[in-house]
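First the structure, in the form of structure tokens, and then the observations on it.
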2 protein chains.
Amino acid sequence: MQPTSSKKQSPNHKNKSYHHGNLRQALLDAALDIIAENGLSALTLRQTASRAGVSHAAPKRHFASVLDLYAAIAEDGYCKLRNYLQERIAKRSDASLSQVLAILGVAYVEFAIANPALFRAMFHSALADRSTPHSVEVAAGKTLDILVSTIEQGQEAGVIRKGYAPDLALCAWSLVHGLAVLSVDRQISNRRFSSEDPLKLARELVEQFYLGLRP
Amino acid sequence: MQPTSSKKQSPNHKNKSYHHGNLRQALLDAALDIIAENGLSALTLRQTASRAGVSHAAPKRHFASVLDLYAAIAEDGYCKLRNYLQERIAKRSDASLSQVLAILGVAYVEFAIANPALFRAMFHSALADRSTPHSVEVAAGKTLDILVSTIEQGQEAGVIRKGYAPDLALCAWSLVHGLAVLSVDRQISNRRFSSEDPLKLARELVEQFYLGLRP
DNA sequence: CCTACCGATCGGTAGG
DNA sequence: CCTACCGATCGGTAGG
């Protein structure tokens, strides 16, 4: 996967008027750059506008507040995550349902480590304080559906134990989400765990603990 | 467990001079109140001082910056978490090592849900952006040691599979940390999961998935 | 989408 | 630990 990056301006095309082809996307890219470089607390509308090369009044058309900006980042992030998960499954079309579950779990951690700023922003608690916008709910639901439907198929095939599929999905999600969060927040690398590579640990973890999903 | 709360001033004792018996603790309590009410982004030194009833210059003696304040909250939080985990184990002195592991896992989620503001602050990514202060590392290490030593004892007793204990501890930690984070961030209650009570889910989750720790 | 303003709030400091 | 300042930055808005 490729890191999100921003091209400030078109190189030789009418530099005088800053009318972007897609200012909204430019602002989203700029926001992720800011978060990646200076952390979540550094994200302001003014900084975002400045980095995107527009005046501080310009973002108003697209994002009424920083919370709206966060929501857009989260929605975009869930879409990217969903695409990444689906790509990973598509590459292994011969995999069994149990293997697909493992692939999803590892891919989730991969995504978080490859896009730490995006991942942090997606789960930033500022979003949770207010009621989550509907657009974010929808995007998150679609992404989570991949996991739920895989589990349901596994139940039909008899390789996953009975139970309410969304609950089992939450268990599987919690496991890899915890590892992803601890990795992104540097809680792991700072300590004395043997595996310097969190992905290696993710594979072992998924392999061992997803036993809890079997009949 | 009792929520952290702050007593602003002594009721009838020399109200003119705001010399607290323990300003540092009063500031920590005020900070948690602010986070609980208005979120992490609302925490500033000035607001903290104001809520503690002192001038905005007063905190300087105790916390040079907001990051120092966060570090102190995190250090305090790890100590509280450790005490809570040990209390929970002490109440069930007859439990087997496998049961102790399950108790620790559920208690971790309980702590997060009972102290959401503290839990969020402990893992606030602002801490992770900078190198974690040594005092926080020490407090976190002591807390994590409860889990590691339990696993080591379980390995000696033959009820936990072989392997580098800190790695196994990280697996167990990731599982409950993921559920705790998703609960605190309201990612669970908003969706279609059946269990309205995250603690009920935590018990099932720990019971099923800690199977991955068995030989 | 820009410039030129505004009031509010922040961290910081001098002096007591 | 307080008061009284300071420069910087923020979100917001009027007018083009």
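A quick note: this is a predicted structure, and the numbers were derived from the prediction, not measured. Lettering follows sequence order; numbering is per chain, from 1.
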Between [X] and [N], does any side-chain N or O lie under 4.0 Å from OP1 or OP2?
{"X": "B:His56", "N": "C:dT9", "value": "no"}
{"X": "B:Lys60", "N": "D:dC1", "value": "no"}
{"X": "A:Gln47", "N": "D:dT9", "value": "no"}

Check: Is the side chain of A:Ser174 donor-acceptor paired with the backbone N or O of A:Leu170 at a distance under 3.5 Å, no angle test?
Finding: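 Side chain of A:Ser174 to backbone of A:Leu170, a donor-acceptor pair under 3.5 Å: yes, one is there.
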
Checklist line | B:Asn115 side-chain N/O to B:Leu118 backbone N/O, donor-acceptor pair under 3.5 Å | finding: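 Absent.
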
Next item on the list: In plain terms, say whether B:Asp68 and B:Lys60 are close enough for a salt bridge, that is, a side-chain N and a carboxylate O under 4.0 Å apart.
Entry: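 Judged by the 4.0 Å cut-off on N to carboxylate O distance, B:Asp68 and B:Lys60 do not form a salt bridge.
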
Euclidean distance, atom [atom1] of residue [X] to atom [atom2] of [N] [Å, nearest integer]:
{"X": "B:Arg46", "N": "D:dC6", "atom1": "CZ", "atom2": "P", "value": "14 Å"}
{"X": "A:His62", "N": "C:dC2", "atom1": "NE2", "atom2": "P", "value": "10 Å"}
{"X": "B:Phe63", "N": "C:dC10", "atom1": "CZ", "atom2": "C1'", "value": "18 Å"}
{"X": "A:Arg61", "N": "D:dG12", "atom1": "CZ", "atom2": "C1'", "value": "14 Å"}
{"X": "A:Leu45", "N": "D:dG11", "atom1": "CG", "atom2": "P", "value": "5 Å"}
{"X": "B:Arg24", "N": "D:dC1", "atom1": "CZ", "atom2": "P", "value": "13 Å"}
{"X": "A:Asp68", "N": "D:dG12", "atom1": "CG", "atom2": "P", "value": "10 Å"}

Next item on the list: Begin from the C-alpha positions of A:Glu110 and A:Arg203 and carry the test salt bridge (charged side-chain N to carboxylate O under 4.0 Å, His left out) through to its verdict.
Entry: CA-CA 10 Å; A:Glu110 285 174 351; A:Arg203 290 184 209 103; 5.2 Å; no

Notebook entry, point to check: Does a sphere of radius 6.0 Å around CD in B:Glu207 hold more than 12 heavy atoms from other residues, nucleotides or ligands, not counting ones at 6.0 Å or beyond?
Noted result: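 For B:Glu207, atom CD is not crowded (no more than 12 foreign heavy atoms under 6.0 Å).
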
Checklist line | Ring centres under 6.0 angstrom apart (A:Phe119, A:His177) | finding: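 Yes; A:His177 has its ring centre under 6.0 Å from that of A:Phe119.
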
Next item on the list: Using the side chain to side chain contact (heavy atoms under 4.5 Å, CB included) rule, pick out the option among B:Ile188, B:Leu179, B:Leu182 that qualifies with A:Trp173.
Entry: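 Per the side chain to side chain contact (heavy atoms under 4.5 Å, CB included) rule, the option paired with A:Trp173 is B:Leu182, out of B:Ile188, B:Leu179, B:Leu182.
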
Checklist line | Pairing string, 5' to 3', for DNA chain D - Watson-Crick or wobble contacts under 3.5 Å, brackets [ ] where pairs cross, | to another strand | finding: ||||||||||||||||

Check: Base, sugar-phosphate, or nothing for B:Thr44, non-hydrogen atoms under 4.0 angstrom?
Finding: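 B:Thr44: backbone/sugar contact only, no base atoms under 4.0 Å.
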
Notebook entry, point to check: Base, sugar-phosphate alone, or nothing: which one does B:Ala64 contact when heavy atoms must sit under 4.0 Å apart?
Noted result: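 If one applies the 4.0 Å heavy-atom cut-off, B:Ala64 turns out to touch the sugar-phosphate alone, with no base involved.
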
Next item on the list: With the side chain of B:Ala58 defined as its heavy atoms from C-beta on, choose the nearest nucleotide among D:dC1, C:dG11, C:dC1.
Entry: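 Shortest atom-to-atom distance from the side chain points to D:dC1.
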
Checklist line | Position toward the 5' end of DNA chain D (nearest nucleotide), A:Ala57 or A:Ala42 | finding: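 In this pair, the answer is A:Ala42.
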
